[in-house]
Amino acid sequence: MISIIDDDASVRTATDNLLRSFGYGVLTFGSADEFLQSDALDQTSCVIADVNMPGTNGVELLLRLRARGNLIPFIFITAFPEAAVAAQASSAGAVCLLTKPFETDNLIQNLEQALQGRDGQGPDQ
């Protein structure tokens, strides 16, 4: 399962539809806190998260999970591709940082790379 976390409903819906068209199972969340309060973490093979969200932001979410020993891969998306944000995402251990609107091929390539690092999982994971 791929968990999409973004406070923008249109981004969640578009990314959900895109990933489902490639055969991936998807869960969507409007915030990092909503994701943390769900039981989705155990089902999630990769997180695609917005960097800038109200409450817990994407990088804070990644750091919290790493502090717990969780090594789930993260792909960050942002509408504000500032160098400091990219450096923060990279140092936190993100697979990549994609700028909205992102290219489909770029997202799928990075997602496949992230999943290969988790025992070669592909669609339906």
Side-chain angles (χ1 to χ4, degrees):
M1 232 16 110
I2 310 303
S3 287
I4 300 167
I5 308 168
D6 198 306
D7 59 316
D8 184 330
S10 64
V11 172
R12 284 195 312 272
T13 299
T15 307
D16 180 350
N17 291 337
L18 172 67
L19 294 180
R20 287 182 190 280
S21 76
F22 278 85
Y24 291 99
V26 179
L27 299 169
T28 61
F29 302 91
S31 71
D33 298 318
E34 181 184 341
F35 173 74
L36 287 170
Q37 293 168 6
S38 76
D39 62 355
L41 186 57
D42 293 337
Q43 305 170 52
T44 299
S45 300
C46 184
V47 170
I48 299 173
D50 191 3
V51 173
N52 298 308
M53 295 181 284
T56 303
N57 71 39
V59 175
E60 290 168 344
L61 173 61
L62 173 55
L63 293 172
R64 284 169 99 178
L65 293 178
R66 292 296 187 264
R68 296 180 189 173
N70 187 303
L71 300 178
I72 190 168
F74 266 68
I75 294 173
F76 283 121
I77 55 178
T78 186
F80 307 101
E82 300 160 0
V85 171
Q88 188 180 30
S90 178
S91 67
V95 171
C96 65
L97 173 70
L98 302 176
T99 302
K100 296 177 189 176
F102 46 81
E103 296 290 327
T104 297
D105 292 344
N106 200 5
L107 174 63
I108 297 302
Q109 179 181 11
N110 280 287
L111 179 58
E112 289 174 354
Q113 175 188 352
L115 293 175
Q116 284 178 353
R118 294 189 54 94
D119 304 319
Q121 298 175 3
D124 295 324
Q125 300 300 311

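Keep in mind it's a predicted model, so treat the numbers as computed, not measured.
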- Task: Mind listing the closest non-hydrogen atom pair of I5 and A32 along with its distance?
- Result: CG2-N, 3.5 Å
- Item | Heavy-atom side-chain proximity of I77 to L98 below 4.5 angstrom | yes
- If you look at every heavy atom in V26 and M1, which pair is closest and at what distance? N-SD, 3.4 Å
- Query: What is the distance from atom OG1 of T56 to atom CG of D33, rounded to the nearest 0.5 Å?
  - Reply: 3.5 Å
- Check whether any side-chain heavy atom of V85 sits under 4.5 Å from a side-chain heavy atom of F80, and report yes or no. no
- Query: Which of these passes side-chain hydrogen bond (donor to acceptor under 3.5 Å, both in side chains) with K100: T78, D6, D8?
  - Reply: D6
- Message: Minimum heavy-atom separation for D7 and P54, please, with both atom names.
- Response: OD2-CD, 3.5 Å
- Message: Rounded at 0.5 Å granularity, tell me how far CG in L18 sits from OG1 in T104.
- Response: 4.5 Å
- Would you call F35 and L27 a side-chain contact if the rule is heavy atoms closer than 4.5 Å? no
- Please examine the side chains of D16 and I2, heavy atoms only from C-beta on, and report whether any two atoms are closer than 4.5 Å. no
- Side chain of T13, backbone of A9: donor and acceptor closer than 3.5 Å? yes
- Query: Which of these passes side-chain contact (heavy atoms from CB on, under 4.5 Å) with L65: N70, T44, L71?
  - Reply: N70
- Task: Measure the CZ-CG distance between R68 and L63 for me, rounded to the nearest 0.5 Å.
- Result: 12.0 Å
- Rounded to the nearest 0.5 Å, what separation is found between the CG atom of D50 and the CZ atom of F29? 15.5 Å
- Query: Is the closest side-chain heavy-atom distance between R66 and I72 below 4.5 Å?
  - Reply: yes
- By side chain to side chain contact (heavy atoms under 4.5 Å, CB included), T99 pairs with (sequence neighbours left out) P81
- Task: Rounded to the nearest 0.5 Å, what's the gap from CG on N110 to SG on C46? Could you check?
- Result: 9.0 Å
- Query: About how many Å separate CD of Q88 and CD of E82, when rounded to the nearest 0.5 Å?
  - Reply: 10.5 Å
- Do L61 and F74 have side-chain heavy atoms sitting under 4.5 Å apart? yes
- Query: Within a strict 4.5 Å, meaning less than it, do heavy atoms of the L19 and L107 side chains meet?
  - Reply: yes
- Quick one: closest heavy-atom pair of A92 and L62, and the distance? O-CD2, 3.3 Å
- Side-chain contact, heavy-atom cut-off 4.5 Å: L115 with Y24? yes
